[in-house]
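In the text below, chain A, chain B and the rest are named by the order of the sequence lines, each starting its count at 1.
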Amino acid sequence: LDPCYDDTGAARRCIPEFINAAFGKEVMVSSVCGRPPSRSCSVVERGDDRPSVRTCQICDAADPRRAHPASYLTDLNSAHNLTCWQSENLNTSPYNVTLTLSLGKKFEITYVSLQFCSPRPESLAIYKSMDYGKTWMPYQFYSSQCRRMYNRPNKATITKQNEQEALCTDGHTDLYPLSGGLIAFSTLDGRPSGKDFDNSPVLQDWVTVTDIRVVFNRPQLPRELGLGAGGSNSDDPASVTSTLATYFYAVGDFQVGGRCKCNGHASRCLKDKEGKLVCDCKHNTEGPECDRCKPFHYDRPWQRANAREANECLPCNCNLHARRCRFNMELYKLSGRKSGGVCMNCRHNTAGRHCHYCKEGFYRDMARPITHRRACKACDCHPVGAAGKTCNQTTGQCPCKDGVTGITCNRCAKGYQQSRSPVAPCIKIP
Amino acid sequence: EVMPTLDMALFDWTDYEDMKPVDT
């Protein structure tokens, strides 16, 4: 049972399963604690109106029990055994730390989420790339000071005119919880065309990513911590570092939820011979994202599948006389958007956009179907008796000189006899 | 009545060498 075809064998839209595309993938981080071993302290809530306490840990990259490597970002997220990546201590400004995740293929993503082991950053930015990290564009910003940090308004309104615009919000930037806080960015939430995604190339483009980059720009600052004796009005976290807590970013789970992008023409993605993830394309499509028609399937332009139409690529009709064809938009429009394929290099002495008639110098053998390789026979016009080499493509009749007859013009007509002149091979009998 | 096919050997090619088929 192939999800790309129904019971009758007709093509229908198919999509790969929804996954956490980040799971098990390597994340490049600009900072990781433990080289050399370092001590980091954090404030832990205890609940029940009991005061928060300060706890300190050693991070040692060489000791697996005390290491917090980047691989912990995308490993199995278990509440019983929470593993966290942790940055170096942030002693001086700037406090930028970057996480870069390469998906290795285009995905259509629905959300990006981060579960923190430290307090959530005060400012962070999410960027996306659609070209494997060559260029980056903003995807979403979080900050309690959107204008100051990112020069964007807080919670701007999204309309149909700016659906591909990154927003900034001050949500999710609260200090509390001190650990376990979540930042979740939903790519379609609040975007007007999200309800009509099939018909919105803009949003289809918006959710397409090959790489995700998260930049933590600033941790919660001391004055926002409000921790009494250890707090300070300074903008510099270092002022409380020595007395209460060190500042670092720590994340237990980094998820990117979405589907391998196959444009509705594959139900799964597989690894190719080189280990690259590619769509298992159906509907006569090919390419990493099933983003083009297979050779010889150019009778109509490639299109993404949707709920109503599979839009499969259709083969050109060349009557078995050509192996290649091309698409012609003008012919396609003239046909009422039905057929635009033009056969190339028609063989077996055929011609025409569908190799559906005989080329000059040949005529159709009506005893055979047009698909037969000998459907076209040579005219075989007589070199002297015929006035040319091209015969009637239907009957095979060559154009005869005066007084000459026969399909190939090889005999003198009744009342004529052969002369010695090749120019007038038959002359009237006196 | 079926007329005989044209006999290439009967033609005089003297003034029409360029028209003469190769195998004549």
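Residue B/Thr5 comes nearest to A/Gln418 through the heavy atom pair O-OE1, 4.4 Å, listed as atom of the first residue, atom of the second, then distance. Closest heavy-atom contact between B/Met3 and A/Ala413: CE-O, 4.0 Å.
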I'd like a table of donor-acceptor pairs (distance under 3.5 Å, sequence neighbours excluded) in which one partner is a side-chain atom from residues 354-363 of chain A, with atom names and distances.
residue	atom	partner	partner atom	Å
A/His354	ND1	A/Asn317	O	3.0
A/His356	ND1	A/His354	N	3.4

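Residue A/Arg368 places its CZ atom among more than 12 non-hydrogen atoms of other residues, nucleotides or ligands, all under 6.0 Å distant. Other residues, nucleotides and ligands contribute over 12 non-hydrogen atoms within 6.0 Å of the CG atom of A/Asn306. Counting heavy atoms of neighbouring residues, nucleotides and ligands inside a 6.0 Å radius, atom CD of B/Glu17 exceeds 12 of them. Within a 6.0 Å sphere centred on CG of B/Asp18, other residues, nucleotides and ligands contribute more than 12 heavy atoms. By the neighbour-count criterion of 12 heavy atoms within 6.0 Å, atom NZ of A/Lys401 is densely surrounded, having more than that number from other residues, nucleotides or ligands.
Using non-hydrogen atoms only and a strict 4.5 Å limit, no part of residues 336-351 of chain A faces chain B. Contact annotation for residues 275-296 of chain A against chain B (heavy-atom separation below 4.5 Å): no residues qualify. Among residues 421-430 of chain A, the residues having any heavy atom closer than 4.5 Å to a heavy atom of chain B are, in sequence order, A/Ser421, A/Pro422, A/Val423, A/Pro425, A/Cys426.
Neither the backbone nor the side chain of B/Asp15 comes within less than 4.5 Å of any heavy atom in chain A.
Proximity of a side-chain donor or acceptor of A/Arg420 to a complementary backbone N or O of B/Asp12 within less than 3.5 Å is not detected.
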